[in-house]
J.: 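Please see the structure below; I have some questions.
FYI, side chains are in, hydrogens and waters are out, and symmetry mates aren't considered; it's all heavy atoms of this structure. Heads up: numbering here begins at 1 and tracks the sequence.
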Amino acid sequence: MNALEQLTHLTAAEKEKLGAVYTPKEIAQQPATWQQTWALLKARLPEIQAFLSTAGVRGPAAERPTVFLVGAGTSDYIGRSLHHLLRREWQSEVVAVSSTDLLTDFADYLIEGQKYLWISFSRSGDSPEGVAVLERALAEQPQIAHIVVSCNADGKMSRLIKDRANALSLILGKETNDESLAMTSSFTNMVLTGQVLAHAWTPEAYEPVHTALCAAAEAFLPVAADLAAELAQKRYPRVCLIGSALLAGAATESALKVLELTAGGIKTMTQATLALRHGPMAALDNETLFIALLSTEKARQRYEVDLIREIERKGLVAKAVAVLGSGAAAPPQFESTQLLQPAGAWEIPDLYRPPLDTIFGQLLGLFSSLAHGLSPDAPSPNGAITRVVQPIQIY
């Protein structure tokens with residue numbers, strides 16, 4: 001029995017005592033919920049296609065909308081895990097813009113006369129910044145088209161766009177609405193929703209990728225759990241995660257999971273792979289756990305391998321782990337870096353890997369939370385953070 005199964009097989013009383021009633025289950029359920037999300041969205045593809053066509057996504061290149069992927073915190077990192085894929089498939093400009101930035105700099109992001117499609121992501125649909133910027137956009141820029149992706153049918157954001165002709169609400173299954181403070185299955189299922197949107201007119205091309213993701217996740221969960229549990233016992237005070245392209249989004253989300261679930265007990269940093277060399281590498285030391293999400297694309301991977309070898313040569317970190325995509329050939333052997341890869345021959349391009357690779361960060365956060373004597377379901381003993389971010393004064 002792997003480390004995650006040991007948690008999910010505890011008695012109800014034991015889970016309650018650990019404060020781990022929800023988080024292990026919500027991480028473990030992801031492959032199954034991904035299948036449910038695909039089935040739900042596949043049934044709505046005609047509606048999605050019609051909406052996107054009306055929004056101009058299939059129009060002449062010069063008339064297509066600029067697409068904003070909007071969210072805060074983890075929901076912002078959804079956009080950072082999707083923008084390249086949507087840009088490639090839709091041949092439109094796609095930008096991840098946090099709702100926190102839109103709230104304070106609303107007018108600076110909009111160009112007069114430009115068409116826009118905003119895709120807003122929110123687990124609860126009640127994020128104060130998300131609600132505020134959506135309300136302002138509806139009032140001041142009614143021509144902007146909106147898609148709201150949420151895990152909560154009762155969220156305010158979905159209610160705001162109800163019955164609007166230029167808006168579409170995509171509510172995922174209730175299983176994705178994580179009860180735990182940390183977003184896990186809600187994050188990956190909303191990323192998958194973005195992947196489906198990218199392939200709204202080519203579902204036959206996406207289906208084998210989705211099948212591979214689910215199978216690879218089933219194979220990845222046991223090995224990732226065991227390594228995460230082992231590393232958590234070392235209680236590294238710092239963790240650095242890197243990734244290139246959309247895997248940078250996955251690295252950022254993984255870093256947040258470790259930070260949240262340890263109540264800041266582990267300080268995390270994240271960088272795009274080569275950006276680490278330009279100053280931030282100074283933060284690495286002999287107490288740092290270093291995790292690289294390695295690309296399966298050879299041209300990109302060469303740069304990443306060279307960086308890891310530089311870190312090894314300089315002896316900069318306590319421990320290094322390289323996460324490699326399913327089915328990819330292993331890079332030339334490292335001196336000390338440990339390779340983590342799902343078993344199996346499923347080939348998953350980097351553009352689709354964020355839901356899979358983020359699982360390791362979720363598990364590292366979970367087991368580190370327990371190692372620090374915290375309750376993973378509610379890991380903030382001083383109330384610094386909460387499941388739904390607290391309301392703020394809107395100006």
J.: What class does the angle between the rings of Tyr352 and Tyr206 fall in, given that below 30° is parallel, 30 to 60° is tilted and above 60° is perpendicular?
T.: tilted
J.: Side chains of Thr184 and Gln362: any donor to acceptor distance under 3.5 Å?
T.: no
J.: Roughly how far, to the nearest 0.5 Å, is OG of Ser336 from CD1 of Ile311?
T.: 10.0 Å
J.: Go through the steps for Ile308 and Phe290 under the test side chain to side chain contact (heavy atoms under 4.5 Å, CB included), then give the verdict.
T.: CA-CA 9 Å; Ile308 292 172; Phe290 177 76; 4.2 Å; yes
J.: Hey, are Glu207 and Lys42 close enough for a salt bridge, meaning a charged N less than 4.0 Å from a carboxylate O?
T.: yes
J.: Are Ile171 and Val196 grouped together when hydrophobic residues (ILVMFWY) are joined by side-chain heavy atoms under 4.5 angstrom apart?
T.: no
J.: Report the distance from atom CG of Leu256 to atom CE of Met183, rounding to the nearest 0.5 Å.
T.: 9.5 Å
J.: In this structure, are over 12 heavy atoms from other groups packed under 6.0 Å from Tyr22 atom OH?
T.: no
J.: Are Thr74 and Lys257 close enough that a side-chain donor and a side-chain acceptor fall under 3.5 Å?
T.: yes
J.: Assess the side chains of Ser185 and Glu175: does a donor N or O sit below 3.5 Å from an acceptor N or O?
T.: no
J.: Please say whether more than 12 non-hydrogen atoms of neighbouring residues, nucleotides or ligands are located less than 6.0 Å from CD in Glu16.
T.: no
J.: Would you check if there is a donor-acceptor pair between the side chains of Glu112 and Gln114 at a distance under 3.5 Å?
T.: no
J.: Hey, what do you get for CG (Asn166) to CD1 (Ile147), rounding to the nearest 0.5 Å?
T.: 11.0 Å
J.: Is the terminal nitrogen or CZ of Arg58 (NZ for Lys, CZ for Arg) located under 6.0 angstrom from the six-membered ring centre of Trp201 and within 45° of that ring's axis?
T.: yes
J.: Quick check on the hydrophobic clustering: are Leu103 and Val95 connected, directly or via other members, by side-chain heavy-atom contacts under 4.5 Å?
T.: yes
J.: I'd like to know whether CD of Gln143 has more than 12 heavy-atom contacts from other residues, nucleotides or ligands below 6.0 angstrom.
T.: yes
J.: Determine whether Leu247 and Tyr303 fall in the same hydrophobic cluster, where Ile, Leu, Val, Met, Phe, Trp and Tyr are linked whenever their side-chain heavy atoms lie under 4.5 Å apart.
T.: no
J.: Using the rule that two of Ile, Leu, Val, Met, Phe, Trp, Tyr join whenever any of their side-chain heavy atoms come within less than 4.5 Å, decide whether Leu170 and Met157 are in one cluster.
T.: no
J.: State the CG-NE2 distance between Leu45 and His199, to the nearest 0.5 angstrom.
T.: 11.5 Å
J.: Answer with yes or no whether the side chains of Ser99 and Asp101 bring together a donor and an acceptor at under 3.5 Å.
T.: no
J.: Taking atom types as modelled, find out whether Thr262 and Ser368 have a side-chain donor-acceptor pair closer than 3.5 angstrom.
T.: no
J.: Does CZ belonging to Arg277 count more than 12 external heavy atoms closer than 6.0 Å?
T.: no
J.: For the residue pair Phe68 and Tyr116, is the inter-centroid distance of their aromatic rings smaller than 6.0 Å?
T.: yes
J.: Strictly by modelled atom types, are Glu304 and Ser295 linked by a side-chain donor-acceptor pair under 3.5 Å?
T.: no
J.: If you look only at pairs with a residue in residues 143-165, which of them pass as a salt bridge (charged side-chain N to carboxylate O under 4.0 Å, His left out), with sequence neighbours excluded?
T.: Glu135-Lys156
J.: State yes or no: do Leu160 and Leu102 share one hydrophobic cluster built from I, L, V, M, F, W and Y residues joined by side-chain heavy-atom distances below 4.5 Å, directly or via other members?
T.: no
J.: With a 3.5 Å cut-off and no angle check, do the side chains of Asn152 and Ser124 form a donor-acceptor pair?
T.: no
